[in-house]
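This report refers to the structure that appears directly beneath it.
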Protein chains: 2
Amino acid sequence: MAGNETGRRHSRDDVAEAALRILDDLGLADLTMRRLAGALDVQPSALYWHFPNKQTLLAELADRIVAARTAEPLAEVAAWQDAVRAEADALRDALLAYRDGAEVVSSTLALGLGSPGTVDRLALAVARGGFDVETSRRSATALLHFVLGHVSHEQQRIQYDSLGVLVDHPESPLDEDDPAAAFAFGVGLFVGGLELSRSRT
Amino acid sequence: MAGNETGRRHSRDDVAEAALRILDDLGLADLTMRRLAGALDVQPSALYWHFPNKQTLLAELADRIVAARTAEPLAEVAAWQDAVRAEADALRDALLAYRDGAEVVSSTLALGLGSPGTVDRLALAVARGGFDVETSRRSATALLHFVLGHVSHEQQRIQYDSLGVLVDHPESPLDEDDPAAAFAFGVGLFVGGLELSRSRT
DNA sequence: ACCTGAACACCGTTCAAGT
DNA sequence: ACCTGAACACCGTTCAAGT
């Protein structure tokens with residue numbers, strides 16, 4: 001691990017790493033500047049030398065979380081439908097890799113922060129189907145909204161299951177027995193909608 | 001207005017109304033229990049007689065926000081596609097009616113609180129197309145995620161425009177010039193995907 | 001370049017007690 | 001039935017000053 005536990009001075013990267021560790025161990029609610037400072041054996045005010053505020057720190061975490069995707073642009077030969085599905089799956093995997101990952105990315109995105117790379121990649125995959133830029137962009141943001149919402153619920157359910165030790169689920173219509181299948185279905189709807197809009201041109 | 005400004009005692013409804021007013025005037029970030037208590041001329045602890053905690057209060061607000069939809073089940077004769085689009089539009093309108101409405105509903109939903117009526121209504125509209133219960137439910141949640149994500153961004157942009165007085169938009173790919181059109185496009189993708197899945201049976 | 005110490009202006013929630 | 005008063009255990013952020 002990169003964080004120095006003996007020496008006293010830290011880099012911006014150390015702070016981000018420690019924050020990611022707290023996020024994964026305790027969740028977003030417990031990721032406070034004071035706790036983070038404590039983990040680094042530092043006063044809370046020290047963090048503000050590395051990041052101007054908490055939002056910026058969270059944006060950095062969001063970027064690191066989504067950047068961990070498998071990433072390869074996928075063989076050019078593959079059908080655009082497969083490319084879209086692959087991008088969506090990779091994004092879901094990246095979000096699931098960290099506790100509350102979807103919420104971190106979602107809130108960062110909602111604040112207009114974070115790198116636009118995520119939408120761009122999705123849009124690129126869609127554009128391979130021959131759709132114009134505007135259509136590709138709109139499809140990508142719509143799909144992104146679905147992915148974030150879906151994985152948010154998925155992660156919240158995980159947390160409840162491990163905490164409430166199974167609430168004998170009250171049959172909430174948003175709870176899923178097979179998250180992966182429900183996810184694939186949702187992505188399929190998008191791809192299908194795009195296919196149909198194309199055959200209608 | 002229902003809230004009594006002269007008498008000292010309040011009902012649960014008074015508290016919810018005052019909270020909605022603060023939400024609409026100042027936004028979710030400024031809707032604190034202490035500020036709410038101040039608006040009601042009451043100690044913060046008094047609120048906990050009406051609501052067990054803040055989350056429950058927010059869930060109540062979320063229910064009120066979405067319950068304000070035009071609601072009529074739509075003529076039975078209408079095509080299911082129109083029913084889905086109408087439900088989506090009505091939901092968007094309801095969310096837009098209150099400042100940060102989408103965020104309130106979204107966070108409440110993410111916590112598993114709030115009435116399941118919203119998903120049920122969407123699912124019902126989808127089911128009119130002859131889809132089975134599982135498909136209808138999954139489609140409804142996917143569509144709901146899109147609606148919430150979309151309107152969240154829309155409302156955040158409104159706030160930025162009124163605050164930052166136009167940031168000469170940095171061309172973020174998530175910003176929309178025509179939100180209503182982008183919304184209709186996203187909903188159309190869903191409906192199209194459903195149509196295609198039907199024609200493939 | 002990186003951090004301390006101390007403060008400012010807040011939070012949500014609990015609980016005994018009052019009317 | 002509805003509220004007060006006082007406390008508990010926290011927050012994010014700023015800023016002069018230190019090394």
Subject >> Pairing annotation in dot-bracket form, given for DNA chain C with Watson-Crick or G-U pairs under 3.5 Å and | for cross-strand partners >> reply: ||.|||||...|||||.||
Original post:
Within a radius of less than 6.0 Å around OH of B:Y98, do more than 12 heavy atoms belonging to other residues, nucleotides or ligands occur?
Top reply: no
**OP:** Taking all heavy atoms of B:E103 and all of B:S152, pick out the closest pair and write down the distance.
**Re:** N-OG, 4.0 Å
Original post:
Tell me: CG of A:L40 to P of C:dC3, nearest whole Å?
Top reply: 8 Å
Original post:
How many angstroms lie between atom CZ of B:R34 and atom CG of B:L47, to the nearest 0.5 angstrom?
Top reply: 10.5 Å
Subject >> Separation between the C1' atoms of D:dC10 and C:dA9, rounded to whole Å >> reply: 13 Å
Kindly give the atom pairs (protein nitrogen or oxygen, nucleotide nitrogen or oxygen) under 3.5 Å for nucleotides 9-13 of chain C.
unit_1, atom_1, unit_2, atom_2, d
C:dC11, OP1, B:T32, OG1, 3.4
C:dC11, N4, B:R34, NH2, 3.2
C:dG12, OP1, B:M33, N, 3.3
C:dG12, OP1, B:K54, NZ, 2.9
C:dG12, OP2, B:M33, N, 3.0
C:dG12, N7, B:R34, NE, 3.2
C:dG12, N7, B:R34, NH2, 3.1
C:dG12, O6, B:R34, NH2, 2.4
C:dT13, OP2, B:Y48, OH, 2.8
C:dT13, OP2, B:K54, N, 2.9
C:dT13, O5', B:Y48, OH, 3.4

**OP:** Round to a whole Å and report the spacing from CG of B:D41 to P of D:dC2.
**Re:** 17 Å
Original post:
Nearest-Å distance, NE2 (B:H50) to C1' (D:dA1)?
Top reply: 9 Å
Original post:
Parallel, tilted or perpendicular: which fits the ring planes of B:H153 and A:H145, with parallel below 30° and perpendicular above 60°?
Top reply: tilted
Original post:
Taking atom P of C:dA16 as reference, at what distance in whole Å does atom CH2 of B:W49 sit?
Top reply: 18 Å
Subject >> Minimal non-hydrogen separation, B:R138 against A:D178, with atom names >> reply: NH2-O, 3.8 Å
Subject >> Pairwise distance CG(A:N53) to CE(A:M33) - rounded to 0.5 angstrom >> reply: 7.5 Å
Subject >> Whole-Å distance separating the CZ atom of A:R12 from the P atom of C:dC3 >> reply: 14 Å
Subject >> Minimum heavy-atom distance between B:Q155 and B:L95, given as atom pair plus value >> reply: NE2-O, 2.8 Å
Subject >> Gap separating the CZ atom of A:F183 from the CG atom of A:D89, nearest 0.5 angstrom >> reply: 5.5 Å
Original post:
Are OP1 or OP2 of D:dG5 and a side-chain N or O of B:Q43 less than 4.0 angstrom apart?
Top reply: yes
**OP:** Could you check A:I65, A:V15, A:V104 and say which one makes a side chain to side chain contact (heavy atoms under 4.5 Å, CB included) with A:L20?
**Re:** A:I65
Original post:
For the pair made of CG in B:D13 and C1' in D:dC2, what is the distance, rounded to whole Å?
Top reply: 16 Å
